[in-house]
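First comes the structure, then the notes that go with it.
Within every chain, numbering begins at 1; the chains are lettered A, B, ... in the order of the sequence lines, protein sequences first and strands thereafter. Side-chain atoms are counted along with the backbone in the values below, which use heavy atoms only and exclude waters and symmetry mates.
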Protein chains: 2
Amino acid sequence: MDIKQFERISKALGDPHRIRIMQQVGKSPGCMQCADIVEMIDLTQSAISHHIKQLTESGLLIAEKQGRNIKYAVDKDVVDTYTKFLQQLKG
Amino acid sequence: MDIKQFERISKALGDPHRIRIMQQVGKSPGCMQCADIVEMIDLTQSAISHHIKQLTESGLLIAEKQGRNIKYAVDKDVVDTYTKFLQQLKG
DNA sequence: CAAATACATTCAAACATTTAAATAATTAGA
DNA sequence: TCTAATTATTTAAATGTTTGAATGTATTTG
């Protein structure tokens with residue numbers, strides 16, 4: 001992982017709404033849809049769409065289109081790679 | 001670790017200068033001083049002081065005063081606690 | 001095909017972060 | 001004590017992020 005992607009992921013994790021989205025998607029393996037997230041968080045659909053975009057663009061979430069819905073999942077490999085970079089900071 | 005501290009740490013890690021500071025402090029165990037960081041990064045002393053403040057306030061760096069210098073070290077426990085929170089996001 | 005559903009995009013306003021200049025505070029050494 | 005060295009703070013400008021309203025784009029269903 002390069003420093004730029006580490007930065008992008010850290011930024012994506014630096015917002016309470018996005019942290020909550022990650023927690024919920026993590027808990028609901030494979031079956032979390034955007035509409036569910038909209039119900040869960042007190043923001044407009046637009047704002048949530050922006051947040052999800054940051055999470056998918058950083059690589060933390062994988063989006064899979066299913067008809068007119070989208071299913072999200074946490075990319076565990078990305079979390080692990082990020083974790084490794086982080087651990088290296090300990091020296 | 002609560003969600004608020006996780007957010008603070010993520011934010012602190014969401015900047016390329018601060019990532020570099022973490023990397024260098026990690027590599028130079030116990031003997032990194034502010035002046036060394038100022039030499040390393042092409043920013044004013046003021047800007048670097050602000051960045052270091054974010055890193056210490058998030059808990060990532062421990063500052064130890066030594067005369068008129070300050071010695072920095074990575075708080076490995078904080079990194080580990082953050083890592084655990086992160087791993088929980090995988091579900 | 002028309003209407004409804006689900007999500008994305010554009011844009012502008014509100015808000016937050018980053019940076020440097022100037023200045024302050026603390027400490028060491030002459 | 002006076003001066004130099006090291007780090008912190010205040011302030012203001014520039015830049016970046018977050019948010020919602022409005023609108024757009026697919027896709028399903030009647």
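Between B:Gln54 and B:Ala12, the shortest heavy-atom contact is O-CB, 4.1 Å. Scanning all heavy atoms of the two residues, the minimum distance from B:Met40 to B:Ile21 falls at CE-CA, 4.0 Å.
Between the side chain of A:His51 and the base of D:dT19 there is no donor-acceptor pair of N/O atoms closer than 3.5 Å. In terms of polar N and O atoms assigned as donor or acceptor, the side chain of A:His17 never comes within less than 3.5 Å of the base of D:dT19 in a complementary pairing. Residue side chain B:Gln45 does not reach the base of C:dA20 through any donor-acceptor N/O pair under 3.5 Å, judged by distance alone. One can find a donor-acceptor pair under 3.5 Å joining the base of D:dT9 and the side-chain atoms of B:Ser46.
Between the CD1 atom of A:Ile70 and the P atom of D:dA26 there is a distance of 13 Å, rounded to whole Å. Here C:dA16 presents its C1' atom at 12 Å from CG of A:Asp15, a figure rounded to the nearest Å. As rounded to whole Å, 5 Å separates atom P of C:dT9 from atom NZ of A:Lys53. Taking atom NZ of A:Lys11 as the reference point, atom C1' of D:dG16 lies 8 Å away to the nearest angstrom. Atom CD1 of B:Ile52 and atom C1' of D:dT6 are 11 Å apart (whole Å). In this structure, the CZ atom of B:Arg8 is 16 Å from the P atom of C:dA16, given to the nearest Å. A:Ile21 places its CD1 atom 13 Å from the C1' atom of D:dT18, with the value rounded to the nearest Å. In this structure, A:Asp42 places its CG atom 17 Å from P of D:dT18, rounding to the nearest Å.
Between A:His50 and A:Asn69, the residue whose closest nucleotide on DNA chain C is further toward the 5' end is A:Asn69. Nearer to the 5' terminus of DNA chain D, by closest-nucleotide assignment, is the contact made by A:Arg18 (compared with the other of A:Lys65 and A:Arg18).
Using modelled atom types, one finds no donor on one side chain facing an acceptor on the other under 3.5 Å when comparing A:Gln87 with A:Lys84.
Ring-plane geometry between A:Phe85 and A:Phe6 is classed as parallel, the angle between the planes falling under 30 degrees on a 0 to 90 degree scale with a further cut at 60.
Nearest nucleotide to the A:Ala47 side chain, out of C:dC7, C:dT19, D:dT19: D:dT19. The side chain of A:Thr44 lies closest to D:dA21, out of D:dA21, C:dC7, D:dT18. Listed candidates were C:dT18, C:dA8, D:dT7. Nearest to the side chain of A:Ser49 is C:dA8.
Remark: A:Gln54 is in phosphate contact with D:dT18, judged by side-chain N or O atoms under 4.0 Å from OP1 or OP2.
No side-chain heavy atom of B:Arg18 sits under 4.5 Å from any side-chain heavy atom of B:Leu13.
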